[in-house]
Amino acid sequence: MMPKCSVPPLQFHTLNGLRQLAETRRFKVWLLDQFGVLHDGKQPYPAAISTLENIAKTGAKMVIISNSSRRSSTTIEKVKGLGFDASLFLGAVTSGELTHQYLQRRDDPWFAALGRSCIHFTWNGRGAISLEGLDLQVVENVEEAEFVLAHGTEALGNADGSARSMKLEDLEKILELCASKGIPMVVANPDYVTVEARDLRVMPGTLAAKYEKLGGEVKWMGKPDEIIYKSAMAMAGTDASDCIAVGDSFHHDIKGANAAGIESVFITGGIHATELGLHSFGEVADSSSVQSLASKYEAYPSYVLPAFNW
């Protein structure tokens, strides 16, 4: 059983960079979110590449933990393509990877009971998610489905592996039919929104939250659920006391770290930038605004920083 933060820190420490924290060598493993921390989906944030290199020089291990619906290998290739040194990471744990493994192995009782036919929500413009090797039958008729698999919010998967572009409201109508049938959902990306070149894009977590409101059962395969933290710590061969998590989402990154008993750094310039009244990169958020937002989400960071910098 993992330790819990029974009393979350109500007071956080404001930092202007990570140097002071990293050079204490107190944290042997850094669990890093990617979108909103390392990059914005299109390019790395200023100083993010050099900051990673500096953390590595302290001897710390680094693992990307991401609610991406892509496989871990795709995430490593993505950051490599953006100019990051992939060898600095011990690896990546993504929601998509965990979903794939659990669907493939079927050694977890919940997954063993799922069945093989599914309604598949996927991506279109970003490229559909492959279900190769999972022995699943994608169906387009809800009546034939045994569960819902949510990788994306742009398209409905077809039986032949292609995808049909759909508006969000049309996917929600399908969800309503699925909920009335009482079939479970696996969400392979629990994010509600993500940063994409300063804009926010709707993610599958939004559909999953709606499904729960409709009375549907949802298996959340990433942050804030402990499953992703346990997997990352297993990869690093460590426990919660040696870890620190860095993220830009109160609901996913900070709340998840609180639940896993891990200290955390909240990056203000990510998905909450507008809520915090920030207009430019690196702008310092008002501490009372951060405190107010932390209370709203019931997620309490140990440290607060404008951006991932040294």
Side-chain angles (χ1 to χ4, degrees), residues 34 63-78 91-166 170-171 174-175 177-179 181-191 194 203-212 216-223 225-232 234-235:
Q34 53 166 341
V63 179
I64 293 174
I65 57 169
S66 172
N67 277 353
S68 169
S69 42
R70 307 279 170 190
R71 302 287 300 276
S72 292
S73 56
T74 306
T75 289
I76 292 295
E77 285 304 311
K78 166 110 182 165
V93 182
T94 67
S95 298
E97 183 66 40
L98 289 173
T99 300
H100 190 91
Q101 288 177 7
Y102 274 69
L103 283 171
Q104 192 171 51
R105 292 199 308 257
R106 300 277 178 153
D107 53 1
D108 176 274
W110 193 90
F111 279 86
L114 266 188
R116 295 285 172 182
S117 60
C118 68
I119 291 282
H120 187 211
F121 294 161
T122 187
W123 298 114
N124 190 27
R126 298 166 159 233
I129 305 283
S130 170
L131 303 181
E132 192 178 347
L134 295 180
D135 190 25
L136 293 177
Q137 180 189 0
V138 174
V139 296
E140 297 165 53
N141 184 345
V142 171
E143 290 307 311
E144 298 170 24
E146 293 170 291
F147 70 101
V148 186
L149 178 56
H151 276 108
T153 61
E154 295 176 342
L156 185 67
N158 296 321
D160 63 4
S162 63
R164 180 160 38 110
S165 183
M166 271 202 180
D170 292 327
L171 291 177
I174 295 169
L175 269 191
L177 293 173
C178 293
K181 194 186 172 194
I183 60 176
M185 170 192 272
V186 180
V187 60
N189 181 332
D191 279 352
T194 195
M203 292 284 115
T206 296
L207 292 175
K210 179 178 176 66
Y211 201 58
E212 283 192 332
E217 180 187 5
V218 175
K219 180 66 81 173
W220 299 84
M221 292 305 291
K223 300 174 285 188
D225 194 271
E226 284 183 336
I227 189 169
I228 196 163
Y229 296 90
K230 285 180 177 176
S231 183
M235 179 184 282

Where is the tightest heavy-atom contact between [X] and [Y], given as atom of each residue plus distance?
| X | Y | result |
| --- | --- | --- |
| Trp220 | Pro190 | CE3-CB, 3.5 Å |
| Leu103 | Arg116 | O-NH1, 4.4 Å |
| Gly157 | Thr122 | N-CG2, 4.1 Å |

Judged by atom type as modelled, is there a donor-acceptor pair below 3.5 Å linking the side chain of [X] to the main-chain atoms of [Y]?
| X | Y | answer |
| --- | --- | --- |
| Tyr211 | Thr206 | no |
| Asn158 | Asp160 | no |
| Asn67 | Lys223 | yes |
| Gln34 | Ser66 | no |
| Lys181 | Ala145 | yes |
| Thr153 | Met203 | no |
| Ser69 | Ala188 | no |
| Trp123 | Ala155 | no |

Would you mind reporting whether [Y] and [X] have side-chain heavy atoms less than 4.5 Å apart?
| X | Y | value |
| --- | --- | --- |
| Ser95 | Ser68 | no |
| His151 | Leu131 | yes |
| Gln137 | Val139 | yes |
| Leu136 | His120 | no |
| Val186 | Trp110 | yes |
| Leu207 | Val187 | no |
| Pro184 | Phe111 | no |

Identified side chain to side chain contact (heavy atoms under 4.5 Å, CB included) counterpart of Phe121 within the set Asn189, Leu149, Ile129, Leu156
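So, applying the side chain to side chain contact (heavy atoms under 4.5 Å, CB included) to Phe121 and each of Asn189, Leu149, Ile129, Leu156, only Leu156 qualifies.
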Chi angles and distances behind the side chain to side chain contact (heavy atoms under 4.5 Å, CB included) call for Leu114, Arg106:
CA-CA 9 Å; Leu114 266 188; Arg106 300 277 178 153; 3.5 Å; yes
Does Arg105 qualify as a cation-pi partner of Tyr102, given the criterion of NZ or CZ under 6.0 Å from the six-membered ring centre and within 45 degrees of its axis?
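Yes, a cation-pi geometry.
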Salt bridge flag under 4.0 Å for residues Arg164 and Glu140
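Yes.
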Start with the C-alpha gap between Glu146 and Ser117, add the side-chain angles, then the distance that decides, and say whether side-chain hydrogen bond (donor to acceptor under 3.5 Å, both in side chains) holds.
CA-CA 5 Å; Glu146 293 170 291; Ser117 60; 3.0 Å; yes
If you measure from CE on Met221 to NZ on Lys219, what distance do you get to the nearest 0.5 Å?
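The distance works out to 7.5 Å.
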